[in-house]
Amino acid sequence: MASPASTSGRMIDPRRYHESVRERDIVASRPPVCLYLEVTNRCNLLCTTCPRTYEELEPPADMSWELFTSIVDQVPDLTRAVLHGVGEPMLVRSLPRMVRYLAERGVYTLFNTNGTVLSERSGRALIESGLVELRVSLDASNAESFREIRGRNYFNRILRNVRAFRDLQEREGHAKPRVSAWLTGLKETVQELPAFVRVAAEIGVKEVYLQRLVYFDRDTIGKARPDQSLFEQMTNEEAGHLKEAEDLARSLGIAFSASGAASEPGMSLKNSEGSSPWSLCRRPWTLMYVTANGRALPCCIAPFSQHGYEHYTLGDATQQTLREIWNGPAYREFRQALLSDHPPTACANCGLRWSL
């Protein structure tokens, strides 16, 4: 595996990372420092890599303001908040208010968007709210591929929206939020990487990320299948597309990071110490994911690794305090399994196929 990456896309000192790994116990010694708050599970796309497209994971809902503030207020040392889950955050009218609530507490706040409803009005509201990062999940370099992967014909609309937003930022001198473009690594689209970098440059985006596909090992859905993954199985031809994208990004002054690929064809990214790639995970000791309905999950990857929230639900934030959930019986049992040779199914399926 390459040096451990943080969820912000920045590299963590491997020595500090492995030291923190050794400190793990079934009882977390300190509260979470990061929250994933699924502000909605509604979406206006039908992505072929998302379980939401194929099944109702929970009843449709937006996270209420009362639940949102209750959760945030219970984590006084919160440093980071990610306001997305399986839905499109910008469908939530109170989103800028939520961002502002966090920003006023000095919390680093970000979310992924599909960009379909990004307008001057909503974009200006996000700027004024103090949003730090805006990640645009585009997943294609052209309209045809976009429709095939994301289920709707919105590609050109998204490009116009992001270009207009970047123009607004440049015109008025707003450095934040940082805007980045994201492509999920698929065998089917890896050849589009150079073109994807060029599209990002054309709409004024200075950061591009290739993120790993997370898929179900059994009962696969859409394009979220093992045969589509680049993880541990890049060919020389696919590595050539990656190298071309890296070179092009450098020439265009664009930051490029590929969490979705090995450093060279055929190289394993698994933990070199053995066959337990889940053993490096720190998420159940550092963050909590809460769905729009208040269900506490171990991380944002779990819904993409195992069908059925009931298998890895660790609490209910509408009925319990975060303190009761964080070191309650379900979390302790989950951590104990993760520290063993028999991890929770969601973790075993995930391995190191995490997103940035």
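Quick caveat: nothing in here was measured; it's all calculated off a predicted structure.
Inspection of the Ser137 and Asn114 side chains reveals no N or O donor paired with an N or O acceptor under 3.5 Å. Remark: the Tyr101 side chain and the Asp73 side chain contain an N/O donor-acceptor pair separated by less than 3.5 Å. Under 3.5 Å, the side chains of Glu38 and His84 contain no donor-acceptor pair of N or O atoms. Checking Ser180 against Trp182 by side-chain atom types alone, a donor-acceptor pair falls below 3.5 Å.
Using a 4.5 Å cut-off between side-chain heavy atoms of Ile, Leu, Val, Met, Phe, Trp and Tyr, with links allowed through other members, Tyr309 and Leu287 fall into the same hydrophobic cluster. Linking ILVMFWY side-chain heavy atoms closer than 4.5 Å, directly or via other members, places Leu102 and Val132 in a single hydrophobic cluster. Leu67 and Leu95 end up in the same hydrophobic cluster when Ile, Leu, Val, Met, Phe, Trp and Tyr side chains are linked at under 4.5 Å. If you chain together hydrophobic residues whose side chains sit under 4.5 Å apart, Leu322 and Val33 never meet in one group. Cluster membership for Val82 and Leu91, using ILVMFWY side-chain heavy atoms within less than 4.5 angstrom, is shared.
Under a 3.5 Å cut-off, the side chain of Ser145 and the backbone N or O of Ser141 do not form any donor-acceptor pair. Side-chain atoms of Glu192 do not come within 3.5 Å of backbone N or O of Ala140 as any donor-acceptor pair. Listed for the Arg332 side chain is no donor-acceptor partner under 3.5 Å among the backbone atoms of Val27. Remark: side-chain polar atoms of Ser305 are not paired, donor with acceptor, to backbone N or O of Cys347 under 3.5 angstrom. Under a 3.5 Å cut-off, the side chain of Arg163 and the backbone N or O of Glu202 do form a donor-acceptor pair.
A heavy-atom distance below 4.5 Å is not found between the side chains of Glu333 and Ile26. For the pair Val179 and Lys206, the minimum side-chain heavy-atom distance is 4.5 Å or more. When side chains are defined from C-beta on, Leu110 counts as touching Arg80, because their heavy atoms get closer than 4.5 Å. Considering only heavy atoms from C-beta on, Arg323 stays 4.5 Å or farther from Gln74 through its side chain. Residues Arg30 and Trp285 fail the side-chain proximity criterion, which asks for heavy atoms closer than 4.5 Å. Val290 is not listed as a side-chain neighbour of Arg295, based on a closest heavy-atom distance of 4.5 Å or more. Between Phe196 and Val208, some side-chain heavy-atom pair lies under the 4.5 Å cut-off. Using a 4.5 Å heavy-atom cutoff, the side chains of Pro344 and Tyr312 are not in contact.
A search for salt bridge (charged side-chain N to carboxylate O under 4.0 Å, His left out) contacts involving Glu144 returns nothing, not counting sequence neighbours. The side chain to side chain contact (heavy atoms under 4.5 Å, CB included) test applied to Glu324 returns Gln320, Thr321, not counting sequence neighbours. A search for side-chain hydrogen bond (donor to acceptor under 3.5 Å, both in side chains) contacts involving Thr291 returns Glu58, not counting sequence neighbours. Applying the side-chain hydrogen bond (donor to acceptor under 3.5 Å, both in side chains) test to Arg250 and every residue at least two apart in sequence or in another chain returns Asp247. Residues passing the side-chain hydrogen bond (donor to acceptor under 3.5 Å, both in side chains) test with Ser94: none are found, sequence neighbours excluded. Every residue two or more places apart in sequence or in another chain was checked for a salt bridge (charged side-chain N to carboxylate O under 4.0 Å, His left out) with Arg198, and none qualifies. Applying the side chain to side chain contact (heavy atoms under 4.5 Å, CB included) rule to Ser340 yields the partners His342; only residues at least two apart in sequence or on another chain are considered. Applying the side chain to side chain contact (heavy atoms under 4.5 Å, CB included) test to Asn161 and every residue at least two apart in sequence or in another chain returns Leu118, Arg157. Residues forming a side-chain hydrogen bond (donor to acceptor under 3.5 Å, both in side chains) with Glu148 (at least two apart in sequence, or on another chain): Lys223. By the side chain to side chain contact (heavy atoms under 4.5 Å, CB included) test, Ser119 is found to be paired with Arg121, Ser122, residues two or more places apart in sequence or in another chain being considered. Under the rule for a salt bridge (charged side-chain N to carboxylate O under 4.0 Å, His left out), Arg160 has no partner lying at least two apart in sequence or in another chain.
One finds the CD1 atom of Ile149 at 9.0 Å from the SG atom of Cys47 (value rounded to the nearest 0.5 Å). Atoms CZ and CD, from Arg135 and Glu207 in turn, are 9.0 Å apart once rounded to the nearest 0.5 Å. Once rounded to the nearest 0.5 Å, the distance linking OG1 of Thr79 with OH of Tyr108 reads 11.0 Å. Annotation: the span from Leu134 atom CG to Arg178 atom CZ amounts to 11.0 Å, rounded to 0.5 Å. Distance check, rounded to the nearest 0.5 Å: CD1 of Ile301 to CD of Gln306 gives 14.0 Å. With rounding to the nearest 0.5 angstrom, the CD atom of Gln319 is 10.0 Å from the CD1 atom of Ile325.
Applying the ring pair (Phe, Tyr, Trp, His ring centres under 6.0 Å) definition to pairs two or more places apart or across chains, those involving residues 111-161 are Phe146-Phe155.
We find that Arg166 and Glu170 are joined by a salt bridge, their nearest charged nitrogen and carboxylate oxygen being less than 4.0 Å apart. Asp62 has a carboxylate O that lies under 4.0 Å from a charged side-chain N of Arg42, or vice versa, which qualifies the two as a salt bridge. The pair Arg124-Glu172 meets the salt-bridge criterion, since a charged nitrogen lies less than 4.0 angstrom from a carboxylate oxygen.
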Problem - Step-by-step side chain to side chain contact (heavy atoms under 4.5 Å, CB included) determination, Val190 to Leu242 - result: CA-CA 8 Å; Val190 65; Leu242 177 59; 5.7 Å; no
Problem - Intermediate values then yes/no, side chain to side chain contact (heavy atoms under 4.5 Å, CB included), Arg105 and Val72 - result: CA-CA 10 Å; Arg105 288 158 176 72; Val72 172; 4.1 Å; yes
Problem - Thr189 vs Asp139, side chain to side chain contact (heavy atoms under 4.5 Å, CB included): CA-CA, chis, key distance, verdict - result: CA-CA 8 Å; Thr189 57; Asp139 279 349; over 6 Å; no
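When every heavy atom of Ser129 is checked against every heavy atom of Ala103, the shortest pair comes out as O-CB, 3.4 Å. For Ala61 against Asn41, the heavy-atom pair with the smallest separation is N-OD1, 2.8 Å. Asp25 and Arg335 make their closest contact through O-CD, 3.6 Å (heavy atoms, listed as atom of the first residue, atom of the second, distance). Residues Pro284 and Phe334 share a closest heavy-atom pair of CG-CE2, 3.9 Å. When all heavy atoms are compared, the tightest approach of Pro177 to Ile127 is CD-CG1, 3.9 Å.
Screening Thr113, Asn112, Thr116, Asn44 for a side-chain hydrogen bond (donor to acceptor under 3.5 Å, both in side chains) involving Glu88 leaves a single residue, Thr113.
Taking the six-membered ring where tryptophan is involved, the planes of Tyr289 and Tyr36 are essentially parallel, since the angle between them stays under 30° and well short of 60°.
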